[in-house]
Amino acid sequence: MDAEKLDALQELVNMGMGAAGAALAQALGTFVELVVPGVDFTDRRSVASLLDTGAWAKQDVEAVRQPFFGAFTGETLMIFDEQVHAQLVDLPGCLVTSGDKPTTAEQHELLLDLSNVVVGACVNGIAEPLNETVSFGAPTRLGDRAEVRAYLSREAVAWHEGLIVNVDFRLEARSFRSRVLIFLPEPSIHRIDHAVTKLLDGLAAS
Amino acid sequence: MASQPAEAQPVATDELSSALLARLVEQVNVGILTVAADGTVLQWNRFLHAHTGVAPQDVVGSNLYERFAELPRAWLEQKLHRVFLLKNFAFTSWRQRPYLFRIHNHRPLTGSGEPMRQDCTFIPLVQDGEVKAVSIVIVDATDTYESQTRLNETLATLAAQSERDGLTGIYNRRKLEQTLEAEVQRATRYRTNLSVVMFDIDHFKRINDTHGHLIGDEAIRHVAKRALGILRVTDFVARYGGEEFVAILPGEDVAHAAIAAERLRSGVAKAFSATADLTLSLTISLGVTGLREDTNGAKGLLSEADQALYASKKAGRDRVTVFTAAEMTS
């Protein structure tokens with residue numbers, strides 16, 4: 001995949017996030033901002049180094065992973081800073097079912113729900129413009145920084161290199177920080193490459 | 001000539017007729033129900049029929065929330081609404097929400113009788129860019145739940161065992177050291193009293209040599225049991241090693257600790273049945289000390305109590321000695 005296609009993909013992802021943001025705002029009942037700081041090649045281990053940089057290094061994190069499959073197969077990791085729990089409670093689009101104060105299970109459910117919705121919008125935001133569809137596996141909590149690191153440093157995986165799409169997620173009037181990392185391992189890069197080529201050819205022909 | 005392996009003939013989609021696909025949905029061992037945007041149930045498979053006792057003809061065409069009033073309606077409506085809106089999957093896990101439908105787990109023989117734990121996947125059925133309906137796939141996660149529960153129980157037992165003494169069941173030295181460290185910090189912070197009593201069985205070697213190690217073990221158990229009965233519930237007692245024990249008395253000054261130590265001494269000294277036909281008498285020697293400003297932490301307390309205990313031994317055993325800096329450290 002060359003630089004030109006990577007640029008095209010970045011452009012495509014930016015557009016996709018526009019649509020995803022609009023849908024999310026409707027679902028969550030509040031203004032949503034999705035910013036794509038970059039699409040790049042990376043390896044699994046350097047994903048962990050994100051946690052050591054900038055604002056992420058200063059506080060504890062919550063992380064949710066979720067696999068997706070279909071036209072592209074890969075996995076997402078959504079990380080939140082520790083303020084997220086306190087700031088999700090009164091989100092219009094997030095219901096707490098029991099008492100006033102959410103239980104730990106309810107906090108986790110809120111986080112998994114939010115993560116699933118955001119991740120779904122982001123991944124579909126890439127797949128849809130390419131006329132592809134994907135299915136999703138269930139999201140699971142990884143817990144804190146040390147656990148994320150432990151998972152990312154496992155040796156026994158088939159591939160290490162892949163394409164990573166970073167999406168920063170922000171909610172209006174809430175200060176918690178969160179980022180979606182969409183990891184597409186090698187086999188999926190060819191599918192993306194092919195789809196982008198098709199799209200570019202189509203644009204050139206029209 | 002070797003024949004070419006026959007090319008697998010792809011089954012034409014037509015051949016896998018919709019009737020066969022419907023049979024799959026009907027017979028698969030997961031629950032599948034499909035609902036329209038207004039909550040009308042469109043599909044209800046055999047798994048759900050069997051486990052809820054509600055037949056398809058009694059639910060298909062009805063409103064899901066009206067038919068199952070016990071469902072968490074507001075939450076479920078929001079969940080479904082999002083799937084329709086975002087055309088995206090949604091999930092629930094038994095870890096956060098044990099079940100969607102309260103149904104018995106389907107193991108009448110080996111099950112625990114608890115409701116079936118369920119993992120649910122909400123799948124948008126999209127046609128021409130529109131979500132026509134949403135299918136909810138319900139997977140029985142009771143096995144995972146049960147192994148997780150057993151794992152948690154095992155971990156709790158292990159954690160408890162790692163701080164207990166195998167012979168007596170009272171706390172072990174490791175737990176004693178942790179606890180004393182914490183109590184010293186607490187007493188220092190809140191300026192409260194803290195005392196320590198160290199004691200051991202007099203002439204323990206003689207008991208072992210005369211009656212054997214099994215009776216020696218009985219003697220150790222006896223002392224631990226008596227000590228537990230005599231001390232307050234807020235006190236802490238551990239087997240420090242061999243025939244030696246340590247009690248921590250939070251909130252007590254040395255004078256009161258000495259009284260408690262005397263109660264221990266006289267209480268343990270009563271005869272007990274080591275076996276059905278052996279009654280044994282034994283005595284203990286004790287050393288007492290209390291936390292002062294110049295105490296050298298938890299280690300210092302143990303060392304002082306040990307010195308006081310040594311003084312009791314030297315003075316003839318079966319007695320309580322209170323640590324005094326002037327006499328003992330010189």
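The figures that follow rest on heavy atoms only: side chains count, while hydrogens, waters and symmetry mates do not. Reminder, nothing fancy here: chain letters follow the sequence lines and each chain counts from 1.
Environment of NZ in B/Lys299: sparse, with no more than 12 heavy atoms of neighbouring residues, nucleotides or ligands closer than 6.0 Å. Under a cut-off of 6.0 angstrom, the local environment of CZ in B/Arg73 is crowded, with over 12 non-hydrogen atoms contributed by other residues, nucleotides or ligands. For CZ of B/Arg189, the number of neighbouring non-hydrogen atoms (other residues, nucleotides, ligands) closer than 6.0 Å is greater than 12.
Of all the listed residues (A/Ala138, A/Ala23, A/Pro139), the one sharing the greatest number of non-hydrogen pairs under 4.5 Å with chain B is A/Ala138.
For A/Val134, the part sitting under 4.5 Å from any heavy atom of chain B is the backbone (N, CA, C, O) and nothing else. Proximity to chain B is limited to the side chain of A/Gln66, based on heavy atoms less than 4.5 angstrom apart. Looking at A/Thr140, there are no atoms closer than 4.5 Å to chain B (heavy atoms on both sides), in backbone or side chain. For A/Asn124, the part lying near chain B is the side chain, with the backbone staying farther off; criterion is any non-hydrogen pair under 4.5 Å.
Here B/Arg82 contributes atom CZ and A/Gln26 contributes atom CD; the two are 12.0 Å apart, rounded to the nearest 0.5 Å. Distance check: B/Gln78 CD to A/Asp113 CG gives 7.5 Å after rounding to the nearest 0.5 Å. Of the inter-residue distances, the one linking A/Leu28 atom CG with B/Leu86 atom CG reads 7.5 Å to the nearest 0.5 angstrom. Note that the CZ atom of A/Phe136 and the CG atom of B/Asn88 stand 5.0 Å from one another [nearest 0.5 Å].
A/Glu109 pairs with exactly one of B/Arg95, B/Lys79, B/Arg97 by the salt bridge (Lys or Arg N to Asp or Glu O under 4.0 Å) rule, that one being B/Arg97.
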Can you give the donor-acceptor pairs under 3.5 Å from side chains of residues 192-199 of chain A to other protein atoms, not counting sequence neighbours?
{"residue": "A/Asp193", "atom": "OD1", "partner": "A/Lys5", "partner atom": "NZ", "Å": "2.9"}
{"residue": "A/Asp193", "atom": "OD1", "partner": "A/Thr197", "partner atom": "OG1", "Å": "3.4"}
{"residue": "A/Thr197", "atom": "OG1", "partner": "A/Lys5", "partner atom": "NZ", "Å": "3.4"}
{"residue": "A/Thr197", "atom": "OG1", "partner": "A/Asp193", "partner atom": "O", "Å": "2.6"}

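A/Leu112 is not listed as a side-chain neighbour of B/Phe91, based on a closest heavy-atom distance of 4.5 Å or more.
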